[in-house]
Amino acid sequence: MEQKLTLVPVSEWGFFTLPRPMIIAGPCSAESQEQVMETAAGLRDLGIHVFRAGIWKPRTHPGSFEGVGTDGFPWLKRVQSELGMKVCTEVASEKHVYECIKAGVDMVWIGARTTANPFLMQEIAEALKGTDIPVLVKNPVNPDIDLWIGALERLNRCGITRLGVIHRGFSTYQKITYRNDPGWRLAIELRTRYPELPFFADPSHMGGKREYLLELSQRALDIGFDGLMIETHCNPACARSDAAQQLTPEGLGDLLSRIQVRDKETDNIDYKENIDQLRAQIDIIDENLLFSLKSRMGISYKIGEYKKEHNIAILQESRWDSLLAKMIVKGQEYGLSEKFITAVFNAIHEESIAAQNEILAGRP
Ligand code: PEP
Ligand code: MN
């Protein structure tokens, strides 16, 4: 059973300068005092106030660099005291939580591998009980929205009300351009269900390469994300983890100057009037679409009855293939993509077959 989340608005966390986008930046891993301080200073000069750095790193293979561990906390302390920035790191166990609380870390995030594990989520949530530290929950590695929500619920039940999410995409076996499948649909669904939950995108882990950061960041902001978490390193080529996807602070400054931040709303009367008119037109077209679909289904039922009477199988593939091919050509004349037309007509066909199946089975 899905629960309502009790949330403290992000404007009350004392972390971010609103309005959007809220930026969290810093290296994949804290590697040395020099690297942490140089990167953080570069970010602070850009006006960024929330610094990320992995202290413990969840690596796929043993023997890779697994983070400096608690030795890195004094460096984060310097970032807080000398640069006046907030600091955050990833926690993946109750031990990590206790160490972070002891070190005065300002915010923590839950990594994708941990969100996918309800036992660990419960342990972490209980370890956080009694604190008011903000927690950002990355999506689980697999595209399971309930697992993501479940992690938020566990934290909320333990009294954590400063909650947000980070969308970093999903692992996939298929060969795709990006490191992880963006799966924006899931993020949009979660956003629709919990509009008050602060939403960050992590284009770094989504893209896996610097060159994709701009397009993914722009896409996230266009969808309405509130902020971005972007891996930044003073010398990315020498990074001990995720070297290909990190930007220098200058590179991040350049990215931020190139992204378009669009307003969510406006007071402009002309805009409102025009948009209302266009929306009214859309509403009429949608009505017509529904009416056409209803009429089409009506004929489909009749065909079903007729096939039943004459004992004919429902699926005639050649008829469907030629219909779809014709619609694709026609669609292209109208500037509608093959992908779109195929998806729409396949959905219509599926429904039509299901209805005819019912008729043949004698369940009108
Ligand atoms: C990270 O933020 O450095 C990280 C390990 O990310 P993820 O959990 O998204 O893989
Ligand atoms: Mn990383």
Side-chain angles (χ1 to χ4, degrees), residues 22-31 35-36 39-40 43 50-62 64-69 72 76 87-93 96-97 100 105-117 120-121 124 134-144 147-148 151-152 155 164-172 176 178-184 186-187 190 199-210 212-213 216-217 220 225 227-248 251-252:
M22 303 183 279
I23 306 290
I24 303 167
C28 180
S29 314
E31 298 167 3
Q35 171 246 13
V36 163
T39 308
L43 292 169
V50 187
F51 183 74
R52 66 150 277 158
I55 288 285
W56 302 279
K57 298 304 301 176
R59 304 307 298 275
T60 304
H61 296 286
S64 312
F65 174 61
E66 292 190 321
V68 293
L76 296 188
V87 297
C88 62
T89 196
E90 172 174 344
V91 290
S93 68
H96 292 168
V97 173
C100 283
V105 164
D106 299 295
M107 175 167 77
V108 293
W109 80 83
I110 310 287
R113 295 156 196 78
T114 311
T115 309
N117 183 333
L120 278 178
M121 278 314 306
I124 290 168
V135 182
L136 302 180
V137 182
K138 288 203 177 192
N139 64 261
V141 276
N142 52 325
D144 182 338
L147 209 46
W148 200 358
L152 293 163
L155 290 161
V165 292
I166 305 173
H167 181 54
R168 52 75 92 187
F170 305 96
S171 293
T172 169
I176 56 168
Y178 302 130
R179 175 174 172 183
N180 286 299
D181 179 356
W184 296 110
L186 258 91
L190 189 65
F199 244 81
F200 291 84
D202 172 354
S204 308
H205 291 93
M206 199 180 271
K209 288 200 183 131
R210 275 181 281 288
Y212 301 135
L213 293 180
L216 289 170
S217 302
F225 278 64
L228 301 168
M229 179 191 251
I230 299 188
E231 284 190 342
T232 318
H233 191 293
C234 55
N235 187 359
C238 297
R240 299 185 70 184
S241 58
D242 289 348
Q245 70 195 31
Q246 302 202 59
L247 289 174
T248 58
L252 178 61

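In listed order, ligands and their atoms are each counted from 1.
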Quick one: nearest non-hydrogen protein atom to [atom], plus distance?
{"atom": "atom 7 (P) of ligand 1", "result": "Lys138 NZ, 3.4 Å"}
{"atom": "atom 4 (C) of ligand 1", "result": "His205 NE2, 3.5 Å"}
{"atom": "atom 3 (O) of ligand 1", "result": "Lys57 NZ, 2.7 Å"}
{"atom": "atom 5 (C) of ligand 1", "result": "Glu90 OE1, 3.5 Å"}

Requested in this report: Give a rough value, rounded to 10 degrees, for the angle at the Mn ion (ligand 2) between atoms SG of Cys28 and OD2 of Asp242.
Outcome: 100°
If we ignore hydrogens and angles and just use 3.5 Å, is the side chain of [X] paired with the main-chain N or O of [Y] as donor and acceptor?
{"X": "Asp181", "Y": "Gly183", "result": "yes"}
{"X": "Gln245", "Y": "Cys28", "result": "no"}
{"X": "Arg52", "Y": "Pro27", "result": "yes"}

**Report entry** Pro58 vs Arg113 side-chain heavy atoms within contact, under 4.5 Å
**Finding:** yes
Report task. With the side chain counted from C-beta on, respond yes when Ile110 and Val91 share a heavy-atom pair under 4.5 Å apart, and no when they do not. Result -> yes
Would you mind listing which atoms of ligand 1 come within a distance below 4.0 Å of any non-hydrogen atom of [X]?
{"X": "Arg52", "result": "1 (C), 2 (O), 3 (O)"}
{"X": "Trp109", "result": "2 (O)"}
{"X": "Gly111", "result": "8 (O)"}
{"X": "Ala112", "result": "8 (O)"}

**Report entry** Contact with ligand 1 for Met229, non-hydrogen, under 4.0 angstrom
**Finding:**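 For ligand 1, residue contact (heavy atoms, under 4.0 Å) with Met229 is absent.
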Query raised in the report: Which of the N/O/S atoms in Glu231 sits closest to the Mn ion (ligand 2)?
Result: OE2
Query raised in the report: Taking atom types as modelled, is there a side-chain donor on His205 or Glu231 under 3.5 Å from an acceptor on the other?
Result: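 Indeed, the side chains of His205 and Glu231 share at least one donor-acceptor pair under 3.5 Å.
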Query - Pair Asp242, His233: side-chain N/O donor-acceptor within cut-off below 3.5 Å - result: no
Query raised in the report: Under 30°, 30 to 60°, or over 60°: which ring-plane class applies to Trp184 and His167, parallel, tilted or perpendicular?
Result: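 Rings of Trp184 and His167: tilted, as their planes differ by 30° to 60°.
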Query raised in the report: Of the listed options (Arg168, Met206, Arg113), which comes nearest to atom 9 (O) of ligand 1 when hydrogens are ignored and any heavy atom counts?
Result: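 Of the listed residues, Arg168 has the closest heavy atom.
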